[in-house]
Amino acid sequence: MRKKIRVVQYGVGPIGASIARLMKQKQALEIVGAIDKDPAKVGKDLGEVTGDGGKWGVAISGDAATVLGEGADVVVHSTSSNLPAVSSQLLACLEAGCSVVSTCEELSFPFRKYPELSATLDRKAKDEGVALLGTGVNPGFVMDKLVITLAAAAKKVNSVRVTRVVDASRRRLPLQKKIGAGMTPEEFRAQVAAGVIKHHGLPESIAMVAQGLGFELDEITESIEPFIAANAEKTEFLEVAAGQAAGVHQIGRGISKGHEKIVMELRMYVGAKDPADTIVLDGEPPLTLTIAGGTHGDMATAAVVVNAIPVLLAAPAGLRTSADLPLGYLGETA
């Protein structure tokens, strides 16, 4: 009988809970611990907190050191988008001898923004003989890994444009708040300036694609504007009046010698029409790939993370990216 992979879930927010529910379905995985700092969750059974309804026999602990010290093969980390804010958590996981797959968007390709921290994490992972990966659906798949994969069918790629349109009305409340749904345009722009409203990951995806396609970029720029609702919209969690911000219109650009080599556009707002993910490669031959309806962010993030677990264990030690790894499908279910 094949030995199960021992996994700890670090962070049991909406995404962490979704990941845990999917891991529970996989015969190849055994959840042996869970960590969260929320006092309302500490001491409770992971199954109850994830909304599964039953008890799994795994208590959520606020003591990360104790849980990590009990021995696991992999830690699935899902606490924050900001890499410096979670670096101590990641280092503790690595020091415990665990490989780590994280949903931290800035970890997906951190070398450009955080070169010293990237080197520290890479060195620690190699010292411990384990691998570290930041991934998810975006960044980690739709706007980077999938772009590089599509380029395998091209003799030459001149430029790249990726457009992701997401109807946020079907997503969780924290995401609807993160994109500013229901704010006035003035409130939205103030929160952008404060760094509160932003989809993290576009610069990281651009840098990953540039490396994968051999583009030398002089700069990466990013703009964030509100998408203004023409009509009132209502979700399970909140209401958006006409004239208010329904979400974000965010564009990242990779510039080389004054030319746009990579453009990534994200339109994520409540009530978005015709959601889809579209990749356009200008090259020989020109290639276009469209995922009608788009890739469901929450479900696909959980899937990408869980499916990466066995691949990560087989990867060379160090800080890895989605572009490095042959991501696949962990098909066994309970």
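What's counted below: heavy atoms across the whole structure, side chains too, no hydrogens, waters or symmetry copies.
Between M208 and I148 there is a side-chain heavy-atom pair separated by less than 4.5 Å. Between S18 and M299 there is no side-chain heavy-atom pair separated by less than 4.5 Å. Inter-residue side-chain proximity for L319 and F111 is flagged as met; some heavy-atom pair is nearer than 4.5 Å. Side-chain contact between V130 and L94: present, with at least one pair of heavy atoms (C-beta onward) separated by less than 4.5 Å. T295 places none of its side-chain heavy atoms less than 4.5 Å from the side chain of L146. At a threshold of 4.5 Å between non-hydrogen side-chain atoms, the residues V162 and D144 do not count as touching. Side-chain contact between V240 and Y269 is absent, with no heavy-atom pair separated by less than 4.5 Å. Looking at R112 and I220, their side chains come closer than 4.5 Å, going by heavy atoms from C-beta outward.
Nearest heavy atoms, I279 versus V142: CD1-O, 3.7 Å. Between L117 and S87, the closest heavy-atom pair is CD1-CB, 3.8 Å.
Looking at L281, V280, I206 one by one, the single match for side-chain contact (heavy atoms from CB on, under 4.5 Å) with V160 turns out to be L281. Tested against D73 for a side-chain contact (heavy atoms from CB on, under 4.5 Å), the candidates I309, V8, I5, L312 yield a single pass: I5.
E236 pairs by the side chain to side chain contact (heavy atoms under 4.5 Å, CB included) definition with nothing, not counting sequence neighbours. Listed by chain and residue number, S78 satisfy the side-chain hydrogen bond (donor to acceptor under 3.5 Å, both in side chains) test with T103 (two or more places apart in sequence, or in another chain). With sequence neighbours excluded, no residue forms a side-chain hydrogen bond (donor to acceptor under 3.5 Å, both in side chains) with N82. Among residues two or more places apart in sequence or in another chain, the side-chain hydrogen bond (donor to acceptor under 3.5 Å, both in side chains) test is passed with S81 by E105. In this structure L22 satisfies the side chain to side chain contact (heavy atoms under 4.5 Å, CB included) test together with Q25, K26, A302, A303, V306, sequence neighbours excluded.
Under the 3.5 Å distance criterion, the side-chain polar atoms of S108 are left unmatched by any main-chain donor or acceptor of G140. Within the 3.5 Å criterion, the main-chain N or O of A246 finds no donor-acceptor partner in the side chain of Q244.
Applying the ring-ring contact (aromatic ring centres under 6.0 Å, His included) test to pairs two or more places apart or on separate chains, none has a residue in residues 140-190. For residues 191-208, every residue pair satisfying the salt bridge (Lys or Arg N to Asp or Glu O under 4.0 Å) rule, not counting sequence neighbours, is listed here: K198-E222. The stretch residues 58-97 participates, sequence neighbours left out, in these ring-ring contact (aromatic ring centres under 6.0 Å, His included) pairs: Y10-H77. Screening residues 259-268 for salt bridge (Lys or Arg N to Asp or Glu O under 4.0 Å), with sequence neighbours left out, gives R161-E265, R253-E260, E265-R267. Identified under the salt bridge (Lys or Arg N to Asp or Glu O under 4.0 Å) test for residues 271-287, with sequence neighbours left out: R164-D277. For residues 294-304, every residue pair satisfying the salt bridge (Lys or Arg N to Asp or Glu O under 4.0 Å) rule, not counting sequence neighbours, is listed here: R171-D298, R172-D298.
E233 and S169 share no side-chain donor-acceptor pair at under 3.5 Å.
Shown here is K113, whose NZ atom has more than 12 heavy atoms of other residues, nucleotides or ligands within 6.0 Å.
Linking Ile, Leu, Val, Met, Phe, Trp and Tyr residues whenever their side-chain heavy atoms come within less than 4.5 Å leaves M268 and F227 in two separate clusters. V137 is connected to L289 through a chain of hydrophobic side-chain contacts under 4.5 Å among Ile, Leu, Val, Met, Phe, Trp and Tyr, so both are in one cluster.
Note on D127 versus R123: no salt bridge recorded, every NZ/NE/NH1/NH2 to OD/OE distance being 4.0 Å or above.
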Without placing hydrogens or testing angles, list every side-chain donor-acceptor pair under 3.5 Å for residues 30-43, not counting sequence neighbours.
{"residue": "D36", "atom": "OD1", "partner": "D38", "partner atom": "N", "Å": "2.8"}
{"residue": "D36", "atom": "OD2", "partner": "V12", "partner atom": "N", "Å": "2.7"}
{"residue": "D38", "atom": "OD1", "partner": "A40", "partner atom": "N", "Å": "2.9"}
{"residue": "K41", "atom": "NZ", "partner": "V12", "partner atom": "O", "Å": "2.7"}

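Note: S61 OG to E70 CD = 8.0 Å, rounded to the nearest 0.5 Å.
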